[in-house]
Amino acid sequence: MAYDITALRALFPALSGAPAHFDGPGGTQTPRPVIEAITGALANPLSNRGQVTVGERNADGIVTRAREAMGDLLGAQASGIVFGRSATQLTYDFSRTLATTWSAGDEVVVTRLDHDANIRPWIQAAERAGVTVRWADFDPATGELTLDHLRAALSDRTRLVAVTAASNLIGTRPAIAEMSRLAHEAGALVYVDGVHYTAHALVDIGALGADFFVCSPYKFLGPHHGVLAARPELLETLRPVKLLPSSDAVPERFELGTLPYELLAGTSTAVDVLAGLDTAAVGSRRERLATSLGALHQHEESLRTRIDQGLAALDGITVHSKAGDRTPTVLLTLDDVFGAHGTQDASRFLAERDVYAPSGSFYAVEASRRLGLGDSGGLRIGLAPYTSTDDVERLLAGLELFLKRAPH
């Protein structure tokens, strides 16, 4: 493994100076090559896609390369990559389209573990279609969403299962491949929220069994927009509401309006940056991604282990990230002595020392409530490719100093 954290951090202008970022689950910092790709796209001629003018060819090339890059990242066909403004927007769009295929008596399954962006669109679509919503629970003591939890919600009337590949709140990674198998046996499609998962693992939508997989490039070093991957032949069966003259080809029929070409240029480059995290990686881009994301996993697991050990040595903290398989994401709360706003106070205390670990429920309100934390959530520590050992030590030192300020 050749994971050069010093060289990697040098790519990020936002890391110059003192800040230690543990806010990656909400959006990573942007490396210089991505910034340059965005500005380069804007500095050159751009037009609506076509093959006549330079601007048309530039736009078409950007879109083609972005589909290929995301196909490599997700183990998907480029012709099954759909771009949108955000993962939330794409999920709303597909929930409305899929709801047209549902009938009275049908059911959809959502989970208590998910971000609200993979819950509320399905609930609202089900309400409009007159179908039933069933909930798959998770164990708040362990943070685990198990196959038994899903089995309890499935029936022969289930038409769709919406489930997260990784909780953005506590990091839990459910057994998606096995869950997909159960859902498919029940005759249901599987819509996977991979926004948090994609930042930490090599995605293979075929191996996961995901019929639809959605993610956000700004969670893995890219710009702000959303990406959905699906089998092209499945997309061919769906008829979204669209403008009459807009393309009916797949995947363009799902992309409403002109695409953000400059952001797609940045996304292609972000995938290339990920493929180069291990400087010794060789082969195709997919092969280099496999090597590099394996190196990233080792790097993040080492830092997560140090965080787990450091937190265990501190009094006054409860850690809610306990699943056996989870991302390097830790949610913690403080003892009652710190008051109702303890984690918010801790977050501000750390921020004053240039350590950024936010507090909240981060739109995972159902999970936060199931954990007994209401809508307030807790302090979330999230790792990113550029997180260093020094960052971790500063975090732990800052938390220890804050805890010493507890009233007696």
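We use all heavy atoms of the structure for the numbers below, so side chains are in, but hydrogens, waters and symmetry mates are not.
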Using modelled atom types and a 3.5 Å cut-off, is there a donor and acceptor pairing between side-chain atoms of [X] and backbone atoms of [Y]?
X: T269; Y: V34; answer: no
X: S47; Y: E56; answer: no
X: D4; Y: A7; answer: yes
X: T111; Y: V163; answer: no
X: K219; Y: T198; answer: no
X: S361; Y: G377; answer: no
X: N44; Y: G40; answer: yes
X: N118; Y: H115; answer: no
X: T142; Y: A323; answer: no
X: S368; Y: A364; answer: no

Which pair of non-hydrogen atoms, one from [X] and one from [Y], has the smallest distance, and what is that distance?
X: P174; Y: A165; answer: CD-O, 3.6 Å
X: G171; Y: A166; answer: O-CB, 4.4 Å
X: W122; Y: S95; answer: CZ3-CA, 3.3 Å
X: L293; Y: A201; answer: CD1-O, 3.9 Å
X: L296; Y: A199; answer: CD2-O, 3.7 Å
X: L8; Y: P385; answer: CD2-O, 3.3 Å

Give every donor-acceptor pair under 3.5 Å between a side-chain atom in residues 179-186 and any protein atom, sequence neighbours left out.
{"unit_1": "S180", "atom_1": "OG", "unit_2": "I176", "atom_2": "O", "d": "3.0"}
{"unit_1": "S180", "atom_1": "OG", "unit_2": "L208", "atom_2": "O", "d": "2.8"}
{"unit_1": "S180", "atom_1": "OG", "unit_2": "G209", "atom_2": "O", "d": "3.4"}
{"unit_1": "R181", "atom_1": "NH1", "unit_2": "E185", "atom_2": "OE2", "d": "3.3"}
{"unit_1": "H184", "atom_1": "ND1", "unit_2": "S180", "atom_2": "O", "d": "3.2"}
{"unit_1": "H184", "atom_1": "NE2", "unit_2": "D211", "atom_2": "OD2", "d": "2.8"}

Euclidean distance, [Y] [atom2] relative to [X] [atom1], rounded to 0.5 Å:
X: L202; Y: E287; atom1: CG; atom2: CD; value: 11.5 Å
X: L74; Y: I81; atom1: CG; atom2: CD1; value: 5.0 Å
X: T387; Y: R304; atom1: OG1; atom2: CZ; value: 13.5 Å
X: T91; Y: D193; atom1: OG1; atom2: CG; value: 6.5 Å
X: E68; Y: L73; atom1: CD; atom2: CG; value: 14.0 Å
X: E262; Y: L42; atom1: CD; atom2: CG; value: 4.5 Å

Side chains of [X] and [Y]: does their closest heavy-atom pair fall under 4.5 Å?
X: M70; Y: V271; answer: yes
X: E107; Y: S155; answer: yes
X: Y386; Y: D391; answer: no
X: H200; Y: R326; answer: no
X: H297; Y: E301; answer: yes
X: V195; Y: Y197; answer: no
X: T30; Y: P223; answer: no
X: Q298; Y: D278; answer: no

Output yes when [X] and [Y] qualify as a salt bridge under the 4.0 Å nitrogen-oxygen rule, no when they do not.
X: R67; Y: E252; answer: yes
X: R306; Y: E393; answer: yes
X: D72; Y: R285; answer: yes
X: D248; Y: R253; answer: yes
X: E255; Y: K242; answer: no

Problem - Option from D60, T258, N58 for which side chain to side chain donor-acceptor pair (under 3.5 Å) with R49 holds - result: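 Result: among D60, T258, N58, D60 is the only option passing the side chain to side chain donor-acceptor pair (under 3.5 Å) with R49.
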
Handout entry: Partner residues of E36 under the salt bridge (charged side-chain N to carboxylate O under 4.0 Å, His left out) criterion, sequence neighbours left out
Key =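 If we apply the salt bridge (charged side-chain N to carboxylate O under 4.0 Å, His left out) test to E36, skipping adjacent residues, there are no hits.
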
Exercise for the section: Dump the intermediate steps for side chain to side chain contact (heavy atoms under 4.5 Å, CB included) on H225 and Y218, then the final yes or no. Expected result: CA-CA 7 Å; H225 68 98; Y218 75 99; over 6 Å; no

Practice task
Say whether T329 and H196, considering side chains only, have a donor N or O and an acceptor N or O under 3.5 Å apart.
Solution key: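 Yes - a donor-acceptor pair under 3.5 Å links their side chains.
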
Practice task
Scan side-chain atoms only and decide if S86 and T88 contain a donor-acceptor pair under the 3.5 Å cut-off.
Solution key: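 Side chains of S86 and T88: no pair found under 3.5 Å.
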
Practice task
Under the side chain to side chain contact (heavy atoms under 4.5 Å, CB included) rule, what do Y261 and L259 come out as? Steps first, then yes or no, please.
Solution key: CA-CA 6 Å; Y261 302 127; L259 291 171; 4.2 Å; yes

Name all pairs fulfilling the side chain to side chain donor-acceptor pair (under 3.5 Å) condition that reach into [range], sequence neighbours left out, sorted by first residue then second.
range: residues 309-321; result: H320-T333
range: residues 347-360; result: T343-S359, D345-R348, D354-Y356
range: residues 167-179; result: R173-D325

Handout entry: Centroid-centroid distance, F338 to F402, less than 6.0 Å
Key =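 Aromatic pair counts; centres sit under 6.0 Å.
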
Problem - Ring center gap for F83 and F254 short of 6.0 angstrom - result: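 When the ring centroids of F83 and F254 are compared, they turn out to be at least 6.0 Å apart.
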
Side-chain donor-acceptor pairs under 3.5 Å in residues 129-141, sequence neighbours left out?
{"unit_1": "R134", "atom_1": "NH2", "unit_2": "A152", "atom_2": "O", "d": "3.3"}
{"unit_1": "D137", "atom_1": "OD1", "unit_2": "R370", "atom_2": "NE", "d": "2.8"}
{"unit_1": "D137", "atom_1": "OD2", "unit_2": "R370", "atom_2": "NE", "d": "3.2"}
{"unit_1": "D137", "atom_1": "OD2", "unit_2": "R370", "atom_2": "NH2", "d": "3.1"}
{"unit_1": "D139", "atom_1": "OD1", "unit_2": "A141", "atom_2": "N", "d": "2.9"}

Handout entry: side chain to side chain contact (heavy atoms under 4.5 Å, CB included) between L311 and L396, worked out
Key = CA-CA 7 Å; L311 294 178; L396 294 173; 4.1 Å; yes

Practice task
Start with the C-alpha gap between R65 and I62, add the side-chain angles, then the distance that decides, and say whether side chain to side chain contact (heavy atoms under 4.5 Å, CB included) holds.
Solution key: CA-CA 5 Å; R65 289 189 293 273; I62 285 171; 3.7 Å; yes

